[in-house]
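First listed ligand is number 1; within each ligand, the first listed atom is number 1. A quick note: this is a predicted structure, and the numbers were derived from the prediction, not measured. Start at 1 with the first residue, then count along the sequence.
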Amino acid sequence: MTKAAPNLYPHQWSWDAAFVAIGLAHVDVPRACAELDALFSGQWRTGMLPHIVFDPRETGYFPGAAWWACAEHTADAPRVPSTSGLCQPPVHALAVEQIDEIATRRGGDDERAVARWLPQAYDHLLAWHRYLAHRRDPTKSGLLTIYHGWESGMDNSPRWDAVYDRVHVGSDLPKYERRDTTVVSAAGQRPTDGEYDQYLWIIEELKHADYDDARIRATASFRTTDVFMSAVFAAANDALARLALRLGASDGLELGEYADRFRRGVAASVDPALGLALDTDLRSDQSLRTQTLAGFAPLVCGGLDAREQRRMVELMESREWLAHPRLRWPVLPSTSLESTDFCPRAYWRGPSWPVMSWFFVRALDSLGEHDAAARLRGATLEQLGDGSLAEYYDPLTGAGLGSADQSWTAAAALDLLVHRDGCL
Ligand code: 2M8
């Protein structure tokens, strides 16, 4: 496995691994397959791909395997390797499709190796998608439910502030020591201690429910739809349906139905006044109106009519977002500069994340918005030009923040370069 970052994240993270595979596919196809195999080795019996697969030799991250204690709570979790008990956005089918395309184009050993590997990778993905479609959307709403901000991958995004307002940390939260702030010590770049208490408290709740989805759904204090994750899921189902066709598997129809269900769910979440798709807090049934880049989710999976789609692209390219005069580069910040919640250096509350650019470049290209895609790709590569491969960037000054040498940043850079130049 590839560490998500050398010191801050010394294990394998789920959607980071998918990006790592997307990047590695350009330089080393067998390593790209091995990256995903490492993640698949942590798959739960339910089909869930856990958000962290732990490397037992690494002790520098908290909360580690002992805090999660998944295998002690449920037989659904593997004993080896140890994993976390949550999941993250399902980018993996997009990665497998990319590996297959590149190997097929290259031919020779790569093509033969991927032809052997693909059927079992497909089976892992099918189980994963069925888990999400059934257990995370039992009412067939077309929107996935998450139980923790970590599942969205946008941990402390202001999208979730109102949801976290309902998470009351119990007095029996065990004592703990953070490690992340010893690696990234600059004030304000990591979540606060109060936020960390809530993160860890939710894990206590999950353990109390023995990581059982039905029990969690009934009891979790953090429960919300995630429109961005749902859009990624719709796009991933399209990719997996294409892989099913390629392998002659009979699940294409089922996967096509998932894709349509989630595409519709995402499109229906658009708020006409804001022009952005919104999440819904499932405990209060209120829509969450903070303007974050997750609101552009419908572009990731398609499903808007031509007029609505154009409106959304225009909003993205407007002075409210990409053309904002205070931006160092025309790259999407994680929260709109117009929002009172915008903080330029605070993790998912404002900084721009190269992997997010990757999503929207891909989305714009696939919707036929090639000029907008090329502009965003060019600006993101300029942002990456200092070579630090930072985890996230201050959108006002362009300074790299968080960890340096972040794996998925490197992966996104590789893929964006190939799409700009046709080769590395
Ligand atoms: C961040 O999340 C982890 C918890 O999962 C953390 O802060 O410790 C997020 O940016 C997440 O999206 C990412 O997958 C992970 C590893 O890069 O780091």
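Considering backbone and side-chain N/O atoms, Q406 comes within less than 3.5 Å of an N/O atom of ligand 1. Among the atoms of E391, none of the N or O lies under 3.5 angstrom from an N or O of ligand 1. In terms of polar-atom proximity, W353 is not counted as a contact of ligand 1, lacking any N or O under 3.5 Å from an N or O of the ligand. For the pair G153 and ligand 1, the shortest N or O to N or O distance falls below 3.5 Å.
For the residues Y347, Y392, Y196, the heavy atom positioned nearest atom 7 (O) of ligand 1 is part of Y347.
Taking a 6.0 Å sphere around CZ of R178, one finds it holds more than 12 heavy atoms contributed by other residues, nucleotides or ligands. At most 12 non-hydrogen atoms from other residues, nucleotides or ligands lie less than 6.0 angstrom from NE2 of H208.
Between H148 and F222, the ring-plane angle classifies as tilted under the 30° and 60° cut-offs. Ring pair Y61/Y9 is tilted by interplanar angle, where 30° to 60° counts as tilted.
For D155, the heavy-atom gap to ligand 1 drops under 4.0 angstrom. Using a 4.0 Å cutoff on heavy atoms, Y61 counts as a contact of ligand 1.
Protein heavy atom at the shortest distance from atom 10 (O) of ligand 1 is W348 NE1, 3.1 Å. Nearest to atom 14 (O) of ligand 1 among the protein's heavy atoms is D16 OD1, 2.6 Å.
Checked by atom type and distance alone, the side chain of Y392 pairs as donor or acceptor with a backbone atom of Q189 at under 3.5 Å.
Residues F360 and W321 place their aromatic rings such that the two centres sit no closer than 6.0 Å. Close placement of the Y164 and Y199 rings is indicated, their centers lying within 6.0 Å of each other.
The two residues G153 and W15 make their nearest non-hydrogen contact at CA-CZ2, 3.6 Å.
Remark: ligand 1 atoms within the under-4.0 Å shell around heavy atoms of R190 are 6 (C), 7 (O), 8 (O). Shown in contact with Q88 at under 4.0 Å from a heavy atom are these atoms of ligand 1, numbered in order with element: 11 (C), 12 (O), 13 (C), 14 (O).
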